[in-house]
Amino acid sequence: MVYSAVILDIEGTVCPIAFVKDTLFPYFLRKVPTLVTSQDPVVRSLLGQFGTEQVENHIRKLVDRDVKDPILKQLQGYVWEEGYKSGEIRAPVYNDAVKFIQDVQVPIYIYSSGSVKAQKLLFAHVDTGKAQPEELCSKLSGFFDITTSGRKTDKQSYLNIISEINRKAETVLFVSDNVLELEAATKAGLRTMLAVRPGNAPIPKDTHFVEVRDFEQIKGF
């Protein structure tokens with residue numbers, strides 16, 4: 001593999017796109033009534049930043065519309081942490097992605113719209129079918145989200161990451177299932193690949209991105 005580093009998306013790339021919508025979001029929504037009455041000072045501070053008295057209703061609307069709101073992402077990370085710790089949640093990372101992360105000798109970074117905290121929780125509790133979840137955080141070189149680097153459809157976000165990891169853009173590979181994200185990364189000079197996984201959105205007919213269905217393919221480029 002000729003890349004100096006790899007940046008991976010999460011949802012629809014290293015784990016099923018349904019995991020967030022069918023597992024994480026419903027779990028979070030079940031906990032919202034308790035969340036809005038929490039006396040935890042960190043939670044109270046985050047809730048206050050929404051600037052509305054109808055906090056519970058506002059949160060539910062954000063989740064329903066899948067709004068990439070930084071405050072919401074932090075709250076979700078807080079709730080999901082409890083779910084991971086209790087064993088109620090485990091991350092169904094694809095086996096080929098697990099092997100890729102474990103075996104590849106170049107730095108691997110994660111860039112997701114989910115908070116860095118949520119990313120670390122996911123990779124610390126990977127479901128590999130064993131009695132205990134697998135821990136993959138130690139195999140990853142860094143984590144980026146919309147708060148640290150910007151939105152994933154903006155060219156500047158990828159320039160920010162490249163500057164942070166001190167790599168030349170043309171030597172870094174970004175893998176995602178989202179064409180708009182890949183276009184932004186391409187404009188920033190990165191190499192890109194389109195993740196094709198079961199349940200992902202149909203591939204646009206005019207896409208020019210190299211498609212990857214198994215991460216073993218990446219090693220050949």
Side-chain angles (χ1 to χ4, degrees), residues 1-20 23-24 77 80 84 87 89-145 148-149 152 157-158 160-179 181-182 185-186 188-200 203 207 209-221:
M1 191 171 65
V2 297
Y3 307 107
S4 68
V6 178
I7 304 172
L8 300 175
D9 170 50
I10 294 180
E11 183 184 355
T13 300
V14 302
C15 76
I17 198 166
F19 175 57
V20 173
T23 300
L24 292 184
W80 291 333
Y84 282 114
I89 304 174
R90 284 194 184 187
V93 177
Y94 291 117
N95 289 336
D96 62 290
V98 172
K99 191 173 187 301
F100 182 82
I101 291 170
Q102 291 174 330
D103 294 348
V104 170
Q105 298 302 305
V106 300
I108 299 177
Y109 300 89
I110 302 299
Y111 180 30
S112 173
S113 56
S115 68
V116 167
K117 180 174 183 177
Q119 296 174 33
K120 290 181 177 179
L121 286 169
L122 185 150
F123 286 103
H125 301 85
V126 175
D127 186 3
T128 58
K130 300 178 182 177
Q132 296 297 320
E134 188 86 14
E135 189 281 316
L136 290 181
C137 286
S138 58
K139 300 291 185 179
L140 298 166
S141 296
F143 301 83
F144 301 96
D145 62 17
T148 66
S149 308
K152 298 181 71 182
S157 302
Y158 298 90
N160 294 339
I161 293 175
I162 291 302
S163 176
E164 179 73 20
I165 66 177
N166 194 28
R167 301 278 173 172
K168 293 182 178 180
E170 65 270 19
T171 70
V172 177
L173 172 67
F174 175 57
V175 185
S176 173
D177 66 307
N178 189 308
V179 170
E181 295 174 5
L182 296 178
T186 299
L190 281 72
R191 303 285 295 278
T192 54
M193 287 186 182
L194 175 64
V196 181
R197 299 291 195 176
N200 284 9
I203 302 169
T207 184
F209 297 106
V210 174
E211 298 173 12
V212 55
R213 289 173 166 76
D214 188 305
F215 276 21
E216 279 295 314
Q217 295 174 247
I218 299 176
K219 298 177 183 178
F221 288 91

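- Within 6.0 Å of atom CZ in R191, 12 or fewer heavy atoms from other residues, nucleotides or ligands are found, so the atom counts as exposed in its surroundings.
- Judged by distance alone, with hydrogens and angles left aside, the side-chain atoms of Q105 form a donor-acceptor pair with the main-chain N or O of D103 at under 3.5 Å.
- Between I161 and Y109, the closest side-chain pair of non-hydrogen atoms is not below 4.5 Å.
- When all heavy atoms of F215 and A97 are compared, the pair lying nearest together is CD2-CA, 3.8 Å.
- Closest approach of P92 and P16 over heavy atoms only: O-CD, 3.1 Å.
- Inter-residue side-chain proximity for E134 and Q102 is flagged as met; some heavy-atom pair is nearer than 4.5 Å.
- We find the CD1-CZ distance between I162 and R167 to be 9.5 Å, quoted to the nearest 0.5 Å.
- The shortest non-hydrogen separation linking A169 to A188 is CB-O, 3.5 Å.
- Counting only heavy atoms from C-beta outward, the side chains of L182 and T207 never approach each other to under 4.5 Å.
- Here Y94 pairs with nothing under the ring-ring contact (aromatic ring centres under 6.0 Å, His included) rule; sequence neighbours left out.
- You'll find the side chain of K117 stays beyond 4.5 Å of the side chain of F143, heavy atoms only.
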| task | Decide side chain to side chain contact (heavy atoms under 4.5 Å, CB included) for V106 and S4; before the verdict, give the C-alpha distance in whole Å, the side-chain angles of both, and the deciding distance to 0.1 Å. | result | CA-CA 6 Å; V106 300; S4 68; over 6 Å; no
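- The shortest heavy-atom contact between A118 and G77 is CB-CA, 4.4 Å.
- Rounded to the nearest 0.5 angstrom, D127 CG and N95 CG are separated by 9.5 Å.
- Atom NZ of K99 sits about 14.5 Å away from atom OG1 of T128, to the nearest 0.5 Å.
- The shortest side-chain heavy-atom distance between F100 and K219 falls under the 4.5 Å cut-off.
- A 4.5 Å side-chain heavy-atom check between D9 and N178 finds every atom pair outside the cut-off.
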| request: Start with the C-alpha distance between V93 and L122, add both sets of side-chain angles, then the distance that settles side chain to side chain contact (heavy atoms under 4.5 Å, CB included), and finish with yes or no. | output: CA-CA 9 Å; V93 177; L122 185 150; 3.9 Å; yes
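- Note: F174 CZ to Y158 OH = 3.5 Å, rounded to the nearest 0.5 Å.
- For the pair I17 and G199, the tightest heavy-atom approach, listed with the atom from each and the gap, is CG2-O, 3.4 Å.
- In this structure, the side chain of D177 does not engage the main chain of A195 through any donor-acceptor pair within 3.5 Å.
- Going from atom CD1 of I165 over to atom CG of N160 covers 11.5 Å, rounded to the nearest 0.5 Å.
- The side-chain heavy atoms of F123 and V14, taken from C-beta on, include a pair separated by under 4.5 Å.
- At distances below 3.5 Å, at least one donor-acceptor pair connects side-chain atoms of D145 with backbone N or O atoms of T148.
- If you take OH on Y111 and CD1 on I7, they are separated by 9.0 Å, rounding to the nearest 0.5 Å.
- Side-chain contact, Q119 with S112: no donor N or O sits under 3.5 Å from an acceptor N or O.
- The heavy-atom pair separating F19 from R90 by the smallest distance is CE1-O, 3.5 Å.
- H125 has its side chain out of reach of I89: every pair of non-hydrogen atoms, C-beta onward, lies at least 4.5 Å apart.
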